[in-house]
Amino acid sequence: MKTSQKIKQNVVNNLAKTTLYENVTELLRMQQIYEAGIKEVRTKLEILDAEFKVKHDHNPIHHIESRLKSPESILKKAISKDIPVTERSLEENIHDIAGIRVICNYVDDVYKVAQLLTNQDDIQLIEMKDYIQNPKESGYMSLHLVLEVPIFLSEGPKPIHVEVQLRTIAMDFWASLEHKLKYKTDNNVSDDVKKELQECAKSIAEIDLKMQNIHNRLNKERV
Ligand code: GTP
Ligand code: MG
């Protein structure tokens with residue numbers, strides 16, 4: 001290799017290293033910020049649930065799960081979506097770095113919690129997908145929200161996106177099994193199983209409705 005070519009190659013290699021280093025540093029910083037976002041929204045949900053219990057003698061939330069997307073998954077998604085791996089681009093294009101799943105007791109609870117949360121002054125609703133009103137072809141049902149919440153850092157507030165998935169216990173039961181099947185069988189779920197899952201999703205929607213009606217009747221009788 002000629003000296004000029006060697007120098008050129010050296011520059012390219014070092015640039016790649018610098019970019020990689022910057023990317024890793026950015027990703028680690030982002031982890032801390034998004035972890036704070038999860039904590040903030042989780043606390044808001046816990047407070048709403050406790051207040052609802054005092055006011056209405058009923059906990060709308062059964063339990064809350066949360067997860068931070070790993071740097072590997074963030075990079076994978078960035079590559080598959082063909083977006084640059086910079087803090088700004090990742091923040092703008094990947095809405096589920098911070099993910100919260102709220103498992104509710106009844107369908108009405110899902111909408112009540114979503115309404116109470118999005119009504120808060122420091123929360124902005126960026127996107128809502130209602131897969132309960134309009135289930136996915138697979139049968140998947142959930143209410144998906146993308147929220148913008150401020151994280152209070154030393155240099156001031158920083159708005160970030162947090163994805164919140166709300167669903168009933170029954171919907172969660174279905175989604176967990178379907179996800180496991182998809183994962184285990186490498187996306188090749190047979191047509192028979194797909195059809196059975198779609199039927200299960202319909203039954204679950206009916207059962208959720210019946211449970212909601214019984215719950216409403218019991219509540220009325222107690223008043
Ligand atoms: P992404 O780029 O993956 O976020 O696509 P999108 O914005 O179209 O997302 P979508 O609204 O489809 O929701 C994505 C998330 O919802 C997934 O990461 C899953 O957690 C969940 N989800 C969506 N569809 C299904 C489904 O058919 N089965 C299961 N089990 N989960 C689903
Ligand atoms: Mg999404």
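Here the structure is a predicted model, which means the values were calculated and not measured. When a residue number appears, it is its place in the shown sequence, counting from 1. Atoms within a ligand are numbered from 1 in the order they appear, just like the ligands themselves.
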Heavy-atom distance to atom 30 (N) of ligand 1: which of E178, M141, K81, H144 wins?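 Heavy atom nearest to atom 30 (N) of ligand 1 belongs to E178.
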
Determine whether more than 12 heavy atoms belonging to other residues, nucleotides or ligands lie under 6.0 Å from atom CG of N119.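 Check passes, neighbour count above 12.
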
Can you establish whether the number of heavy atoms outside H63 located under 6.0 Å from its atom NE2 is more than 12? yes

Is a side-chain donor or acceptor of [X] paired with a backbone partner of [Y] at a separation under 3.5 angstrom?
X	Y	answer
N105	N59	yes
E65	V102	no
S89	P84	yes

Can you tell which part of E127 has a heavy atom less than 4.0 Å from ligand 1: side chain, backbone, both or neither?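 The answer is neither; E127 stays 4.0 Å or more away.
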
With backbone taken as N, CA, C and O and side chain as the heavy atoms from C-beta onward, which portion of K182 lies under 4.0 Å from ligand 1: side chain, backbone, both, or neither?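 The part of K182 near ligand 1 is the side chain, not the backbone.
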
Does any N or O of ligand 1 fall below 3.5 Å from an N or O anywhere on [X], backbone included?
X	result
Y131	yes
K77	yes
Q165	yes

Measure up the Y140 and W174 rings against each other and bin them: parallel (under 30°), tilted (30 to 60°), perpendicular (over 60°).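 Y140 and W174: tilted rings.
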
Run the contact test for E137 against ligand 1 with a 4.0 Å cut-off on heavy atoms, strictly below, and give the result.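 Contact check E137 vs ligand 1: negative.
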
Does ligand 1 have an atom under 4.0 Å from some heavy atom of R101?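 Checking ligand 1 against R101, which is what was asked, there is a heavy-atom contact under 4.0 Å.
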
Run the numbers for me: atoms of ligand 1, each under 4.0 Å from some heavy atom of S138, listed by number.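 Reading through ligand 1 atom by atom, the close ones are 26 (C), 27 (O).
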
Going by the order shown, which atoms of ligand 1 are within less than 4.0 Å of some heavy atom of K129?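 Selected atoms, number and element: 6 (P), 7 (O), 8 (O), 9 (O), 10 (P), 11 (O).
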
Mind listing the closest non-hydrogen atom pair of V41 and V149 along with its distance?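 In terms of heavy atoms, the two residues are closest at CG2-CG1, 3.9 Å.
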
